[in-house]
Amino acid sequence: VFVASTLINMYIKCGSMEDAWGVFNKMPTRNMVSWTAMIFGLVKCGQGQKALELSQHMLEQGVEPDTFTFVAVLNACASLGSLEEGRRAHEQIRSREWMSDIYICNCLIDMFNKCGSIEDAWGVFDKMPTRNAVSWTTMIMGLLKCRQEKRALELSQQIPWTTLEPDAGIFAVVLKACTSLEALEEGKQVHERIIKLGFESDLLVGSSLVDMYAKCGTMEDAWRVFSKIPKHNVIPWTSMILGLVKSRQGKKALELFQHMQEQGVEPDAFTFVGVLNACASQTSLEEGRHIHEQIIKRGWEYEVFISSSLVDMYGKCGSIEEAWRVFSKMPTQNVISSTAMIMGFVKCGQGEKALELFRRMQLEEMEPD
RNA sequence: UGCUAAGACGCAGGAGC
């Protein structure tokens with residue numbers, strides 16, 4: 001049983017659910033670990049419903065679940081966004097008196113967040129006898145996701161730093177809370193703590209700091225942290241590029257993009273959106289076309305965010321024909337791309353076409369905002 | 001009483017006005 005359970009786990013980690021099933025089905029006896037491993041596997045490959053069914057099946061077979069099993073079940077509920085299933089699992093957990101388990105509580109908070117019930121999440125968080133870094137991170141993240149930024153920042157300020165073992169994740173989310181309100185002062189205090197605890201050059205924490213400073217418009221601070229991150233990936237580069245655009249330094253943003261590529265860092269879709277913003281802000285049509293070519297080369301022309309940015313860029317650079325060429329070929333147009341297109345028409349004095357597109361938008365039941 | 005097999009939670013960058 002131990003060997004088979006390990007095999008199941010290995011197949012799941014390698015992404016082969018079929019092989020895992022093969023082993024599971026051939027097992028003469030299965031224990032809680034083998035069932036739990038399978039439930040996790042189903043959740044990981046997006047089969048939340050099947051995962052719940054399997055856990056039901058497990059109970060029917062008289063196999064007693066443990067806390068690991070319920071972590072898997074809660075993950076399944078979260079992936080389905082099913083508050084009803086989640087509450088049912090919560091009930092079972094209470095009746096088994098597992099509410100003192102920190103993993104269980106953390107998963108409950110995360111599940112309730114993902115099922116859209118921040119108050120259920122709060123109910124769990126508030127009653128926890130002890131909380132760790134994950135508990136705080138998960139709760140603050142939940143508040144941020146449902147746009148309660150102020151509450152998130154207030155909660156961040158209640159973190160018991162002296163008794164908590166911090167990790168990169170908690171710093172990342174606290175900085176995100178500061179960023180969401182452009183609370184630079186609070187952010188700088190967190191930064192001091194980060195330096196004191198030696199997390200500044202951590203990729204995750206450093207990137208969060210760069211992004212915070214970039215969004216708050218203090219590019220000197222962003223630079224300072226950026227240069228201290230030893231192994232940059234594309235994320236902090238993108239934050240820097242967007243920060244420069246936001247601070248009206250589009251030219252520098254384009255230079256930085258150039259520099260990034262010279263360093264052998266591959267841009268991704270996020271980066272291109274930033275770079276297109278830079279071109280738009282500079283109205284540099286030539287540069288924009290050049291970027292467009294690079295996007296085509298990668299086959300990303302019709303990713304929603306990219307197409308909208310292309311439409312916006314061409315519109316702002318006054319090349320309405322090229323804007324239209326991209327817009328008309330978009331697989332799915334939305335309010336944002338349509339608005340960008342309308343603005344383009346307006347900018348070049350084609351008000352009639354703008355109105356025509358507006359009418360067509362409504363015919364296609366696109367809700368204007 | 002202790003040790004001994006297998007499965008566990010959260011976290012960084014993006015489009016129009």
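Naming: A, B, ... by sequence-line order, numbering from 1 per chain.
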Inset, instruction - Determine the contact category for A:Ile170: base if any of its heavy atoms lies under 4.0 Å from a base atom, sugar-phosphate if only primed atoms, P, OP1 or OP2 are that close, otherwise nothing. - result: base
Legend entry - Listed nucleotide nearest any side-chain atom of A:Lys176, set B:G13, B:A15, B:G14: B:G13
Inset, instruction - Might you confirm whether atom CD of A:Glu165 has over 12 heavy atoms from other residues, nucleotides or ligands at distances under 6.0 Å? - result: no
Inset, instruction - Could you tell me the separation between the CG atom of A:Asp312 and the C1' atom of B:G14, rounded to a whole number of Å? - result: 13 Å
Legend entry - From NE2 (A:His290) to CG (A:Leu285), nearest 0.5 Å: 13.5 Å
Inset, instruction - Starting at atom CG of A:Leu204, determine the distance to atom C1' of B:G10, rounded to an integer number of angstrom. - result: 11 Å
Inset, instruction - Could you check how far CD of A:Gln333 sits from P of B:A15, rounded to whole Å? - result: 20 Å
Inset, instruction - Measure distances between side-chain N and O atoms of A:Ser207 and base N and O atoms of B:A12, and say whether any donor-acceptor pair falls under 3.5 Å. - result: yes
Legend entry - Spacing between A:Leu175 atom CG and B:A12 atom P, to the nearest angstrom: 12 Å
Inset, instruction - Ignoring hydrogens and angles, answer whether the base of B:G16 and the side-chain atoms of A:Asn334 contain a donor-acceptor pair closer than 3.5 Å. - result: no
Inset, instruction - Return the value, rounded to whole Å, for the distance between atom CZ of A:Phe305 and atom C1' of B:G14. - result: 6 Å
Inset, instruction - Mind calculating the distance between CZ (A:Phe226) and C1' (B:A12) to the nearest angstrom? - result: 14 Å
Output one line per pair: protein atom, nucleotide atom from nucleotides 7-9 of chain B, and distance, for all N/O pairs under 3.5 Å.
from : atom 1 : to       : atom 2 : distance (Å)
B:G7 : N1     : A:Asp66  : OD2    : 2.8
B:G7 : N2     : A:Thr36  : OG1    : 3.4
B:G7 : N2     : A:Asp66  : OD1    : 2.7
B:G7 : N2     : A:Asp66  : OD2    : 3.1
B:C9 : O2     : A:Asn106 : ND2    : 2.8
B:C9 : N4     : A:Tyr103 : OH     : 3.2

Inset, instruction - Confirm from the modelled atom types if A:Thr339 and B:G16 form a donor-acceptor pair under 3.5 Å, side chain to base only. - result: yes
Inset, instruction - Return the nearest nucleotide to the side chain of A:Val273; candidates are B:G14, B:A12, B:G16. - result: B:G14
Inset, instruction - Would you mind classifying the nucleic acid contact of A:Asn233 as base, sugar-phosphate or nothing, using non-hydrogen atoms under 4.0 angstrom? - result: base
Legend entry - Rounded distance in Å - CG (A:Asp211) to P (B:G13): 6 Å
Legend entry - Rounded distance [0.5 Å steps], OG1 in A:Thr69 versus CE in A:Met32: 6.0 Å
Legend entry - Test: A:Glu255 and A:Lys252 ion pair at under 4.0 Å: no
Inset, instruction - Please state whether the base of B:G14 and the side chain of A:Asn277 form at least one donor-acceptor pair under 3.5 Å? - result: no
Legend entry - Selection from B:A15, B:G14, B:G10 that lies nearest to any side-chain heavy atom of A:Ser309: B:A15
Inset, instruction - Ignoring the backbone of A:Thr238, work out which of B:G13, B:A15, B:G10 is nearest its side chain. - result: B:G13
Inset, instruction - Examine B:C17: is either OP1 or OP2 under 4.0 Å from a nitrogen or oxygen in the side chain of A:Lys316? Give yes or no. - result: yes
Inset, instruction - Check whether the ring centres of A:Tyr314 and A:Trp324 lie less than 6.0 Å apart, and answer yes or no. - result: no
Inset, instruction - Go through the side-chain N and O atoms of A:Ser135 and A:Asn106 and say whether any donor and acceptor fall under 3.5 Å apart. - result: yes
Inset, instruction - Determine, for A:Glu364 against A:Arg360, whether the closest basic-nitrogen to carboxylate-oxygen distance falls under 4.0 angstrom. - result: yes
Legend entry - Shortest side-chain distance from A:Val234, nucleotide among B:A12, B:C17, B:G13: B:G13
Inset, instruction - Give the nucleotide from the list B:A12, B:G14, B:A15 with an atom nearest to the side chain of A:Met141. - result: B:A12
Legend entry - Euclidean distance, atom CD of residue A:Glu303 to atom P of B:A15 [Å, nearest integer]: 15 Å
Inset, instruction - For A:Ala269, report the nucleic acid contact type (base, sugar-phosphate, nothing); a contact means any heavy atom under 4.0 Å. - result: base
Inset, instruction - Taking only Lys NZ, Arg NE, NH1 and NH2, and the carboxylate oxygens of Asp or Glu, determine whether A:Lys188 and A:Asp221 approach each other closer than 4.0 Å. - result: yes
Inset, instruction - Pick base, sugar-phosphate or nothing for A:Ser337, based on heavy-atom distances below 4.0 Å to the nucleic acid. - result: nothing
